[in-house]
Structures are given as structure tokens and as C-alpha cells.
Amino acid sequence: MHQTLLIAQLSDPHIGTGPAFLGGRMDTEHALRQAVAHVAAMDPQPDLVLLTGDLTERGSAAEYAVVAGALAPLAMPVYAVPGNHDDPKVARSALPRCMPTAPDAPDGVCCYRLRHGGLHLIALDTVVPRQSHGALGPAQLAWLARQLGQCRDEPVLLFMHHPPLPTGIEAMDACSLLEGGDELAALVRAHGAVQGILCGHLHRPVQMQFGGAPLHVAPSVAHQIALDLRPGAALHAQLEPPKISLHRWSPVHGLCTHLSYVQAFGPALPL
Ligand SMILES: [Fe+2]
């Protein structure tokens with residue numbers, strides 16, 4: 001019996017234990033704790049939480065300890081993929097339940113598949129060590145092809161850090177998924193039952209189509225990247241009302257994505 005699933009997506013918290021972030025104007029630990037409290041108070045409760053990368057700023061064990069503490073109030077399962085600011089090995093040893101090990105995944109790569117309700121969830125590790133852009137190499141693509149083959153005709157949700165398509169924010173497009181995107185799109189299209197691809201990295205909410213499936217980029221729970229589509233525009237961060245993505249998946253109607261503001265802007269107004 002298939003059921004509707006509610007999935008909260010939190011992205012890019014950038015927990016840092018080093019120098020103050022953005023000139024001390026952004027407390028990323030506070031931002032993550034606020035987002036977690038927001039999810040913990042939701043009614044109905046999400047069935048699971050997905051973290052789409054850049055859990056930390058520098059990938060240190062001390063930073064992952066802060067992440068683990070901030071996530072502690074969440075009663076539902078939490079799963080994560082690493083981003084370019086993470087160290088996948090350190091992250092996995094600090095958060096083993098959030099990043100399960102798949103025995104058949106390529107060595108040292110944080111890819112895994114799990115099943116929740118009627119949905120297969122496939123985590124893809126797009127990190128290129130010491131680079132800000134992402135890639136899916138032949139070994140990961142071959143692993144993904146095997147996973148998709150094992151759930152043929154069944155609904156699948158992919159999640160990964162780097163978006164595989166340009167958005168017009170040139171400086172971010174230059175560090176998106178720069179290798180393996182065409183092959184990934186072909187795999188998604190050939191499977192035919194991919195319900196969505198969830199990404200992070202951009203620090204902005206963006207909706208696209210990829211391989212015939214909806215692709216959603218979640219905002220950061222902390223700072224955002226300015227929406228500047230001018231050619232050659234310099235990259236800059238800005239503070240906006242923090243929000244998370246909330247996906248409602250139904251086997252009949254597919255993926256419906258909401259944005260949920262972490263803070264209310266006034267009382268509820270009865271209609
Ligand atoms: Fe980020």
C-alpha cells in the first residue's frame with residue numbers, strides 16, 4: 001500500500017567554527033537550529049529530512065559535531081549528501097546514520113540508496129576534492145545505472161549537492177555540476193519514473209526540468225546568493241528571510257514542492 005510522503009529539504013547550513021561568517025552578520029548555527037525547530041514543530045511531521053550538502057564551512061570534525069547537536073531535536077530519519085565545503089569522509093564518520101554506506105558504491109564515494117514508503121531515494125556524491133564545482137564520474141554513473149536498473153518502473157527520488165543545469169547566475173553556473181550531467185539526464189530519462197532531483201549549492205530556490213523530471217534547488221537555511229542575472233556579475237551573498245523546501249510526494253500525483261518560511265511575519269489571519 002503506497003502512502004503520501006512529506007520530505008523536508010534543508011540545504012547549505014555552512015556550520016563554521018572558524019572566524020565569524022559574513023563579517024559576523026550571519027550566525028549559521030543559530031540559522032540551522034531555527035530551521036530544525038521549524039521542522040520539529042510542523043504538523044503533520046515530515047516523514048524524513050534531506051540535507052543537500054555544505055553541512056559545514058570547512059569540513060572539520062568539530063563542525064560536524066555542531067551539526068549533529070543541531071539536528072538532535074529531529075525525531076524522523078535524516079539523510080545527507082556532501083557539498084563542496086564538506087569532507088565526505090569526516091562527515092560520514094561524524095554522522096554515520098545520515099550517510100549510510102552502500103557496499104557496492106565506488107570507493108570513498110558517499111552514494112547510497114534506501115527505500116522509504118513507496119519511494120526509492122538515491123543519494124549522489126558530486127564532490128570533487130578541493131574544487132567548488134561538482135562532477136559525476138564514470139564509476140558513480142555506472143553505480144547509478146545499476147541502482148536505477150534495480151528499481152525499474154518504481155518511483156525514485158535523487159538528491160545531490162551540485163545542480164546539473166545553468167540558472168543564469170553566471171558565477172554559480174561556473175561551479176555547478178560540470179561533468180556527468182548529460183549522462184545523468186540520459187539515465188533519468190531512460191528510467192522514466194524519477195519523481196524529482198533535489199539539489200542545493202545555489203543558495204536560492206530554483207525550479208527546472210532535467211531529463212524529463214522536475215529538478216528543485218533548495219534555498220540555504222542560512223545566507224542566500226543574490227539573484228543577479230547580469231552577465232559577468234560578481235557573486236555576493238545576502239540575507240533574506242530563511243526558508244526550507246517541503247516536498248509532498250504522492251504515488252498518484254508525484255512531487256509537489258512548497259517553500260516554508262522559518263519565521264512567521266505576523267500572526268495568522270483568519271479568512
Ligand atoms: Fe553552499
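Order of appearance sets the numbers: ligands from 1, and atoms from 1 within every ligand.
- Put simply, His14 gets within reach of the Fe ion (ligand 1), with an N, O or S atom under 2.8 Å from it.
- Side-chain N/O atoms of Gln9 and Thr52 include a donor and acceptor closer than 3.5 Å.
- Between His223 and His14, a ring centre-to-centre spacing shorter than 6.0 Å is recorded.
- When the Fe ion (ligand 1) is compared with the N/O/S atoms of Asp12, atom OD2 turns out nearest.
- The pair Arg204-Glu240 meets the salt-bridge criterion, with a side-chain N (NZ, NE, NH1 or NH2) lying under 4.0 Å from an Asp/Glu carboxylate O.
- Between the Fe ion (ligand 1) and the N, O or S atoms of Asp54, the shortest distance is to OD2.
- The Fe ion (ligand 1) lies at 2.8 Å or more from every N, O or S atom belonging to His85.
- A side-chain hydrogen bond (donor to acceptor under 3.5 Å, both in side chains) with His161 is found for one member of Asp125, Asn84, Asp86, Thr126 and no other, namely Asn84.
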